[in-house]
Amino acid sequence: MPANAKPHIAVIGAGAFGGWTALSLVRRRARVTLIDAWGPANPRSSSAGDTRVIRGTYGPDEIYTQMVAHALELWKECNVRWGRTIYHRTGAMWLASGGDDSFEEASIGALERANLEYDKLGPDEASHRYPQINFEGVKWVIYEHDAGFLSARVACELVLKELVRNGVDFHIAHSKPGLIQDRVMTGVELSDGSTLTADQYVFACGPWLGTLFPDVLGHLIKPTRQEVFFFGPPAGDDRFGHENMPVWLDHSAEVVYGIPGDESTGFKISDHRQGPAFDPTSGDRVPSAEGLAAIRKYVAFRFPALADAPMVSAQVCQYENTPDQHFIIDRHPLADNVTIVGGGSGHGFKHAPAVAEMACNLALKDVRPDKHFLFSRFA
Ligand SMILES: Cc1cc2nc3c(=O)[nH]c(=O)nc-3n(C[C@H](O)[C@H](O)[C@H](O)COP(=O)(O)OP(=O)(O)OC[C@H]3O[C@@H](n4cnc5c(N)ncnc54)[C@H](O)[C@@H]3O)c2cc1C
């Protein structure tokens, strides 16, 4: 490559991680080709759906609190640049409702060091602020001021628009990694029979990474089936809209979380526990009666006014879990010109702009990957 030529990077996968990585690369003046089998935030992808929570409360995993603080600034910029509200600042309440609150205690220090503003509320004060919530069993609450939610699918679509405006070649095609010889991947095979060659390849294929790279990722990224339910508050009752209550996460043994509704969505609730194994390509996406019954029981307890609220919609999605729930942002162990970015493990979306900068650095420069996200931690 001539010294002044732009490096050519092929990014495979246009979801939150791949789309934002392509954007970081373009901003660093790389030439980018972006490939996706179905398109950004398509209904099978992990970035599908309207909304995602953004919060900095991460217990002892302070790296994520730091990354959220940085990503928040980048999400705020999106609102200005795209003239659309992608980042919704509703605040978020983290309810410490289990016996052990060491996770919450660790979060407080991390939030302070990341300069993310918060209040520590007792259950009485929280109940005074939000009487529509039953705080029974809640020991205390972290209220994060700048937390809230992101418009997920729209953000992925706007990232693609910006990429195309900046001359990125975007193609719908299924891709297969090519041969690796002498630590170099020689190209990527596309479903139209052609081969795409580039200086570097970034694979951001979410829950499909394990099947694309069975030898190195098959045992490390496992998709699980997750259900999300939306309930319709009573007519004229605006207490459960995002003007009147924040995003919330209820941490007892596990985490149940939700996003207040707006005029186009219901009141969103999901159980963060990992579901059974799921095939993102062929899995049916019909919510289960048991899942609905369990969530209804929870809703009746924590949001008594919604006890009889109808379910107005539901989604089945998948998490792409690593064994320790931490991301993988690293070079392929056998190919120096391949970067892998994935393993969002049910919490990746909010970090996408920050994750993208790390992946972009690996593709463009001879830098060492961040130690938290290395393959070798599983060795
Ligand atoms: C129900 C649910 C709720 C969640 N809630 C939150 C939340 O509140 N906050 C948060 O931060 N995170 C949340 N997450 C996690 C977050 O959404 C994901 O971690 C993130 O979207 C993963 O993005 P990705 O780009 O890695 O994967 P994807 O969005 O799946 O993108 C991968 C892309 O690769 C393409 N692809 C795959 N294989 C190929 C191939 N061979 N050739 C070409 N293209 C290919 C796919 O079509 C897809 O578009 C949630 C996830 C789910 C499922």
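Both counts, for ligands and for their atoms, begin at 1 and track the order of listing. Predicted model only: the values in this text are computed from it and were never measured.
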Pick one of side chain, backbone, both or neither for how Pro280 approaches ligand 1, counting any non-hydrogen atom pair under 4.0 Å. neither
Kindly identify the option in Ser47, Ala14, Gly344 whose heavy atom sits closest to atom 20 (C) of ligand 1. Ser47
Nearest non-hydrogen contact to atom 19 (O) of ligand 1 from the set Glu189, His351, His347, Glu320 belongs to Glu320
Atom OH of Tyr87 and atom CH2 of Trp75: how far apart are they, to the nearest 0.5 Å? 12.0 Å
Can you tell which part of Val53 has a heavy atom less than 4.0 Å from ligand 1: side chain, backbone, both or neither? both
Would you mind listing which atoms of ligand 1 come within a distance below 4.0 Å of any non-hydrogen atom of Gly13? 33 (C), 34 (O), 35 (C)
What part of Ile12, side chain from CB on, backbone N/CA/C/O, both or neither, has a heavy atom under 4.0 Å from ligand 1? side chain
Which of the ligand 1 atoms, numbered from 1, are nearer than 4.0 Å to a heavy atom of Gln318: 53 (C)
Please tell me whether Glu227 and Ser288 have a donor and an acceptor in their side chains that are separated by less than 3.5 angstrom. yes
For atom 33 (C) of ligand 1, which protein heavy atom lies nearest, and how many Å away is it? Asp36 OD2, 3.5 Å
Atoms of ligand 1 close to Tyr257 [distance to a heavy atom under 4.0 angstrom, numbered from 1]: 3 (C), 4 (C), 5 (N)
Nearest candidate to atom 2 (C) of ligand 1, where distance is taken over non-hydrogen atoms, out of Tyr319, Phe278, Phe149, Phe349: Tyr319
Proximal atoms of ligand 1 relative to Val228 (non-hydrogen, under 4.0 Å): 1 (C)
Would you mind listing which atoms of ligand 1 come within a distance below 4.0 Å of any non-hydrogen atom of Leu212? 41 (N)
What are the atoms of ligand 1, with element, lying closer than 4.0 Å to any heavy atom of Ala173? 42 (N), 43 (C)
The one among Gly39, Cys205, Ser46, Ala352 that brings a heavy atom closest to atom 36 (N) of ligand 1: Cys205
Among all protein heavy atoms in this structure, tell me which lies nearest to atom 25 (O) of ligand 1, with the distance rounded to 0.1 Å. Phe17 N, 3.0 Å
Determine whether any heavy atom of Ala204 lies closer than 4.0 Å to an atom of ligand 1. yes
Within the 4.5 Å heavy-atom criterion, are Val338 and Arg331 side-chain neighbours or not? no
Which heavy atom of Leu364 sits nearest to which heavy atom of Pro7, and what is that distance? CD2-CG, 3.7 Å
State the atoms of ligand 1, each with its element, that fall below the 4.0 Å cut-off from a heavy-atom position in Pro207. 30 (O)
Best match, Ala356, Pro40, Ser175: closest heavy atom to atom 42 (N) of ligand 1: Ser175
I need the contact type for Val341 against ligand 1. Using non-hydrogen atoms and a strict under-4.0 Å cut-off, is it side chain, backbone, both or neither? neither
Test log, rule ring-ring contact (aromatic ring centres under 6.0 Å, His included), inputs His351 and Phe327: CA-CA 10 Å; His351 298 287; Phe327 308 155; 5.4 Å; yes
Quick one: does Val256's side chain get under 4.5 Å of Ser270's, heavy atoms only? no
Please tell me if the side chains of Val188 and Thr195 come closer than 4.5 Å, counting only heavy atoms from C-beta onward. no
Run the numbers on His219 and Phe378 for ring-ring contact (aromatic ring centres under 6.0 Å, His included), then give the verdict. CA-CA 10 Å; His219 60 302; Phe378 301 113; 7.8 Å; no
Under the side chain to side chain contact (heavy atoms under 4.5 Å, CB included) rule, what do Trp94 and Trp140 come out as? Steps first, then yes or no, please. CA-CA 9 Å; Trp94 184 281; Trp140 57 286; over 6 Å; no
Shortest non-hydrogen pair, Phe349 vs Cys156, comes out as CE1-SG, 3.9 Å
Who's the nearest protein heavy-atom neighbour of atom 53 (C) of ligand 1, and how far? Cys317 SG, 2.3 Å
I need the contact type for Ser270 against ligand 1. Using non-hydrogen atoms and a strict under-4.0 Å cut-off, is it side chain, backbone, both or neither? neither
Heavy atoms only: give me the nearest Gly342-Leu209 pair and the separation to one decimal. CA-CD1, 3.9 Å
Lys161 and Glu157 ion-paired at < 4.0 Å: no
Option whose closest heavy atom lies nearest to atom 6 (C) of ligand 1, chosen from Arg44, Lys268, Arg52: Arg52
Quiz item: cation-pi between Arg129 and Tyr143, 6.0 Å / 45°: yes
Given that the side chain starts at C-beta and the backbone is N, CA, C, O, which of these parts of Asn42 lies under 4.0 Å from ligand 1, counting heavy atoms, or is it both or neither? side chain
